[in-house]
Student: 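One structure is given below, represented as C-alpha cells, and several questions about it will come after.
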Amino acid sequence: TRRISRLKRAFLLFCLLFANSAPAAESWLTESSRYLEQLLKSNPDRLPELEQDAVLESYRSRHYKPLWSNEQGRLDRAYDLLHVIIKARDEGLEPSDYHLERLRKYWDSSGLGETVQLDLLLSAALYRYSNDVYSGRLVASEVDPDWHIKNDALDTKRLFAEVASKSSIAKRLKDLPPRHAGYQSLKQQLDHYRELAQQGGWPRFGWGPVLERDVQHDQVVLLRRRLKLTGDLVVDPFPDMDIYDRWIEEAVMRYQQRHGLEVDGKVGPQTRRSLNITVSERIRQIRINMERWRWLPRQLGKRYVVVNMTGFELYIMENGSAILSMPVIVGKAYRSTPTFSGLISYMEYNPYWTIPKKLVLEDIIPRQLRDSSYLTRKSIKVYRGWSNPREVDPKSVDWSKIDEERYPYWFRQEPGPKNALGSIKFLFSNPYAVYLHGTPDKHLFERVVRAFSSGCIRVKDPVRLASFLLYDGTREKEEVVLANIHLGTIQGITLPIAIPIYLVYWNAWVDEDGDMHFRHDIYGRDARLIELFGA
C-alpha cells in the first residue's frame, strides 16, 4: 500500500507538471506568432529584406511561427547563422552588413518582443548574407558595364524552407560560397595577407638607384625583409648583408613573375612602384576578385576554356586542372575586350578577315592615306555591294572623302601569311563579334603587357589549341591540324562538342602551385568596384 501511495503521488505530480507546462509552451508560441504576424502585416518594410517574398512566404507557411527560437531559447540553427555572420570577413564580406550589432543586442534577451525582433533580424541577415556570398554583394552589370556573364541566382525560397526543416544549418551555410578552387585559394590568401597587415605590413622604398646584382646599398637589407614577407626570398644565407647577391636576384625574379613585370632580376622604377603597393591595397584587390568569382556560374563545365585578360593567358580546364595554357593578346584599353561567356562550336582554317567598319574608318583608311600601297601590301581587297559584290581598285577611290556617312564599301583580307587572323579562327556565341584567332605578329607575345588587339583574342599557338578542341591534344593530332592548314583552302569545321569559354577579368589569383599573383588594372575596372564594395 505504501508503494501504491508513492506511485499515485508521482502520477499526480506528473499530471500537474504536464498541465502547467503545455499551456505555457502553447501560450509562448501563440503570443510570439501573433506578434510576428502583426509586425509583418502592419510594417513589412521594417527591414528591407523582410519585403522579400522568400522571407514573408517562409513566415506565412509556418503560420508566423518563429524560425530561430522556441520557448526554451535560441535554436541551434540560430547559433549556426550567428557564427557564419561573425566569420563573414573570411569571405571578404563585412559582418556589420548583416545586423551583427543588433543581433548581439537582442541575443541574450528573453522578453517576447526582443525574441521576435531577433527572429526578424536573423531572417533578414540570412537573406542578405546568403545572396551576397552566393551571387555577389553587388550587381555585376551595375558595377562593371563590361561584365556580361550571368550567374545563377540563389533559390532563396528553397533555402528558407530547408532552414526551417533542419535543426542545424552549418553545412548548408558552408555550401553557399563558391566551391571553385580559384575562390577558395583567394580566401586562404586573404587570411594570410590580413596576418601580414596585423604584423605591420611591409616596408616602403623611397627613391633610390636601380638595385641589381653586386650593387651595395642600404635598401638591399630592406629588400631582403620585403621579399621574405611575401615568400619570394626563401634561401638567404646572409640576411644582414647589404650587397645584392644572387639569392636576392632570384627572389626578385620570382616576385616580378608573380606580378606581371619584366623578369630581369633588377629593382627598377616599375618593380619599385609595385613593391610599394601596400598590404591593405593588396587585401582590397583580393576581396574584389573574390566578388568577381561570386559573379560566375557555379557550374563552369567539366571541360572549358578560360581567358584571363589581365594575365594575358588562356587555359583549357578539365576537372578543375589546367591541361593547356598559352599566352594571348587582348584588346587595347580604348577597345577593351568585354567580360562574357559563350560556346566554342566552330573553327575555320585559312580564314578570310572581313574587317569591321569601325576598324576600317579608324585604322585602315588612315594608313592607306599615308601609304597608297598599304591595302595591296596587306592583301586587303575592297568590294562594293553584298549580294553581287564588285571588286574596287583602291587607286580609284578618294579615301579622304570616306567617312561614317559615306561608306559604300566593305573590306576583306585574303587568307595567307599576312592575314591578321593567322591560320585558324575559333568562333563562339556572343553579340560582340569577338573570337579567338592566330596572328602573324608573333613577336608581340614576347611583351609582358599584351593589350594590342581591337577586342578579339589572339592566341600564340592556334594549332595546339585546335588539336585540344578537336582531338586529344597529342603531337599526332597537331600534325593533322597542320596538314589542313597547308592545304591552303578555307575550311569550316564544327567541333565534336561545343566547349564553354569564359573571358574573365581577374587581377588577383592563385596559380596551381599555390603562388599568389597580382596584375595591373589594365582597363580601369577596379576603381568603381572598390568604391561601391567599400573594400
Side-chain angles (χ1 to χ4, degrees), residues 88-94 97 132-133 136-138 140 142-147 149 177-178 180-205 226-227 229-232 254-261 270-296 306-313 330 333 336-337 339 448-449 451 502-535:
R89 294 186 80 246
D90 292 353
E91 307 295 338
L93 302 171
E94 288 299 330
D97 287 341
D132 284 2
V133 81
R137 179 182 165 195
L138 301 169
E142 294 178 0
V143 180
D144 183 353
D146 289 306
W147 186 284
I149 301 177
H180 302 305
Y183 178 90
Q184 294 298 324
S185 297
L186 280 179
K187 180 177 174 179
Q188 294 174 3
Q189 289 292 332
L190 177 63
D191 182 61
H192 173 61
Y193 274 74
R194 280 177 169 159
E195 285 184 7
L196 291 177
Q198 289 176 354
Q199 295 166 9
W202 45 65
R204 286 185 60 83
F205 289 85
R226 170 69 174 85
L227 296 172
L229 284 170
T230 47
D232 296 292
R254 277 193 290 272
Y255 177 91
Q256 290 169 331
Q257 192 272 330
R258 290 193 308 109
H259 291 79
L261 302 167
Q270 282 194 328
T271 300
R272 189 179 289 268
R273 280 194 294 270
S274 177
L275 288 166
N276 277 334
I277 294 175
T278 66
V279 68
S280 297
E281 291 175 273
R282 292 307 189 194
I283 288 171
R284 286 197 292 269
Q285 203 170 344
I286 293 172
R287 290 182 68 196
I288 63 174
N289 281 278
M290 290 175 71
E291 177 78 349
R292 287 178 174 129
W293 270 103
R294 291 190 282 263
W295 292 344
L296 290 175
V306 60
V307 175
N308 183 13
M309 286 176 268
T310 71
F312 309 106
E313 199 81 7
V330 301
S336 63
T337 304
T339 303
V448 174
V449 176
Y502 302 89
L503 276 62
V504 297
Y505 194 84
W506 295 322
N507 55 11
W509 73 90
V510 182
D511 66 21
E512 292 193 331
D513 294 327
D515 293 328
M516 184 72 225
H517 287 252
F518 294 102
R519 293 295 186 274
H520 180 62
D521 180 17
I522 60 171
Y523 293 154
R525 294 178 182 174
D526 283 3
R528 180 68 173 155
L529 182 54
I530 289 173
E531 176 189 349
L532 294 178
F533 197 73

Student: Please name the pair of heavy atoms, one in Q189 and one in V510, separated by the smallest distance, quoted to 0.1 Å.
Tutor: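 The pair with the smallest heavy-atom distance is CG-CG2, 3.6 Å.
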
Student: Say you draw a straight line from CZ of R258 to CG of D232; how long is it, rounded to the nearest 0.5 Å?
Tutor: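 Nearest 0.5 Å value for the CZ-CG distance: 4.0 Å.
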
Student: With a 4.5 Å cut-off on side-chain heavy atoms, are Y193 and I286 touching?
Tutor: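 Yes - at least one pair of side-chain heavy atoms lies under 4.5 Å apart.
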
Student: Contact between T339 and W295 at the side-chain level, heavy atoms closer than 4.5 Å - yes or no?
Tutor: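 Of all side-chain heavy-atom pairs linking W295 with T339, none is under 4.5 Å.
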
Student: Supply the atom-to-atom distance D191 CG to Q188 CD, rounded to the nearest 0.5 angstrom.
Tutor: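 One gets 8.5 Å once the value is rounded to the nearest 0.5 Å.
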
Student: Flag this pair as yes if the NZ/CZ of R294 is under 6.0 angstrom from the six-membered ring centre of Y183 and inside a 45 degree cone about the axis; otherwise no.
Tutor: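 Judged by the rule (NZ or CZ under 6.0 Å from the ring centre, within 45° of its axis), R294 is not positioned above Y183.
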
Student: Listed by chain and number, what are the salt bridge (charged side-chain N to carboxylate O under 4.0 Å, His left out) partners of R528, not counting sequence neighbours?
Tutor: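 Salt bridge (charged side-chain N to carboxylate O under 4.0 Å, His left out) check on R528 returns E531.
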
Student: Decide yes or no on side chain to side chain donor-acceptor pair (under 3.5 Å) for Q285 and R282, but give the supporting numbers first.
Tutor: CA-CA 5 Å; Q285 203 170 344; R282 292 307 189 194; 2.8 Å; yes

Student: Could you note down all residue pairs passing salt bridge (Lys or Arg N to Asp or Glu O under 4.0 Å) where residues 510-520 supplies at least one of them, sequence neighbours left out?
Tutor: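 Every candidate salt bridge (Lys or Arg N to Asp or Glu O under 4.0 Å) pair involving residues 510-520 fails, so no pair, neighbours aside, qualifies.
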
Student: Backbone N or O of L196 within a donor-acceptor pair of the Q199 side chain at under 3.5 Å?
Tutor: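 Here the side-chain-to-backbone pair does not exist.
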
Student: side-chain contact (heavy atoms from CB on, under 4.5 Å) for M309 and W506? Distances and angles first, verdict last.
Tutor: CA-CA 7 Å; M309 286 176 268; W506 295 322; over 6 Å; no

Student: Please list, chain by chain and in numerical order, all residues satisfying side-chain contact (heavy atoms from CB on, under 4.5 Å) with A88, sequence neighbours excluded.
Tutor: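 For A88 the side-chain contact (heavy atoms from CB on, under 4.5 Å) partners, ignoring immediate neighbours, are L93, P95, Y98, Y129.
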
Student: For D521 and A527, work out which heavy atoms get closest and say how close.
Tutor: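 Between these two residues, the closest heavy atoms are OD2-N, 4.1 Å.
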
Student: Of all the heavy-atom pairs spanning I288 and L529, show the shortest one and how long it is.
Tutor: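 Shortest heavy-atom contact: CB-CD2, 3.5 Å.
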
Student: Is it the case that the side chain of Q184 and the backbone of P178 share a donor-acceptor pair, with hydrogens and angles ignored and the cut-off at 3.5 Å?
Tutor: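 It does hold such a pair.
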
Student: Looking at side-chain heavy atoms only, is the closest gap between M516 and H192 below 4.5 Å?
Tutor: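 The answer is no; the side chains never approach within 4.5 Å.
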
Student: Are L261 and V448 close enough that some pair of their side-chain heavy atoms sits under 4.5 Å apart?
Tutor: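 Side-chain contact under 4.5 Å: no.
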
Student: In sequence, state the C-alpha distance, the side-chain angles, and the governing distance for V504 and I149, and then conclude on side-chain contact (heavy atoms from CB on, under 4.5 Å).
Tutor: CA-CA 9 Å; V504 297; I149 301 177; 4.2 Å; yes

Student: Please identify each residue that fulfils ring-ring contact (aromatic ring centres under 6.0 Å, His included) with W202, with sequence neighbours left out.
Tutor: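 Testing W202 for ring-ring contact (aromatic ring centres under 6.0 Å, His included), a comparison that skips the adjacent residues, returns none.
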
Student: Taking the side chain from N276 and the backbone from R204, do they hold a donor-acceptor pair closer than 3.5 Å?
Tutor: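 No, N276 side chain to R204 backbone: no donor-acceptor pair under 3.5 Å.
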
Student: Distance from Q256 atom CD to T271 atom OG1, nearest 0.5 Å?
Tutor: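 That separation rounds to 4.0 Å.
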
Student: Are side-chain heavy atoms of F312 and V330 found at a separation under 4.5 Å?
Tutor: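 In contact.
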
Student: Below 4.5 Å, heavy atoms only, C-beta onward: do W293 and L186 meet side chain to side chain?
Tutor: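 A side-chain contact exists here, since the closest heavy-atom pair is under 4.5 Å.
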
Student: So, taking the atom named OG in S185 and the one named CH2 in W509, what distance separates them when rounded to the nearest 0.5 Å?
Tutor: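 The CH2 atom of W509 is 13.5 Å from OG of S185, to the nearest 0.5 Å.
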
Student: Could you check whether any side-chain heavy atom of V279 comes within less than 4.5 Å of a side-chain heavy atom of R194, counting everything from C-beta outward?
Tutor: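 The answer is no, as the side chains (C-beta and beyond) never meet within the 4.5 Å cut-off.
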
Student: Under the ring-ring contact (aromatic ring centres under 6.0 Å, His included) rule, collect the residues that match up with Y523, sequence neighbours excluded.
Tutor: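 Per chain and number, Y523 pairs via ring-ring contact (aromatic ring centres under 6.0 Å, His included) with Y505.
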
Student: For a 4.5 angstrom cut-off between non-hydrogen side-chain atoms, does H259 reach H517?
Tutor: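 Not in contact.
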
Student: So which atom in P177 and which in E91 form the shortest heavy-atom distance, rounded to 0.1 Å?
Tutor: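 Looking at all heavy atoms of both residues, the shortest contact is CB-OE1, 3.6 Å.
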
Student: Are E291 and R137 close enough for a salt bridge, meaning some N to O gap below 4.0 Å?
Tutor: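 A salt bridge is absent here (no side-chain N lies under 4.0 Å from a carboxylate O).
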
Student: Tell me whether R287 forms a cation-pi arrangement with F533, defined as NZ or CZ under 6.0 Å from the six-membered ring centre and within 45 degrees of its axis.
Tutor: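 R287 over F533 ring: no.
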
Student: Check D526 with R292, please: is the shortest side-chain N to carboxylate O separation under 4.0 Å?
Tutor: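 Counted as a salt bridge, because a side-chain N and a carboxylate O are separated by less than 4.0 Å.
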
Student: Heavy atoms only: give me the nearest N507-T310 pair and the separation to one decimal.
Tutor: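 In terms of heavy atoms, the two residues are closest at CA-OG1, 3.4 Å.
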
Student: Listed by chain and number, what are the side-chain contact (heavy atoms from CB on, under 4.5 Å) partners of D144, not counting sequence neighbours?
Tutor: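 D144: side-chain contact (heavy atoms from CB on, under 4.5 Å) contacts with D146, W147, R525.
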
Student: If you measure from CG on N289 to CZ on F518, what distance do you get to the nearest 0.5 Å?
Tutor: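 One gets 9.0 Å once the value is rounded to the nearest 0.5 Å.
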
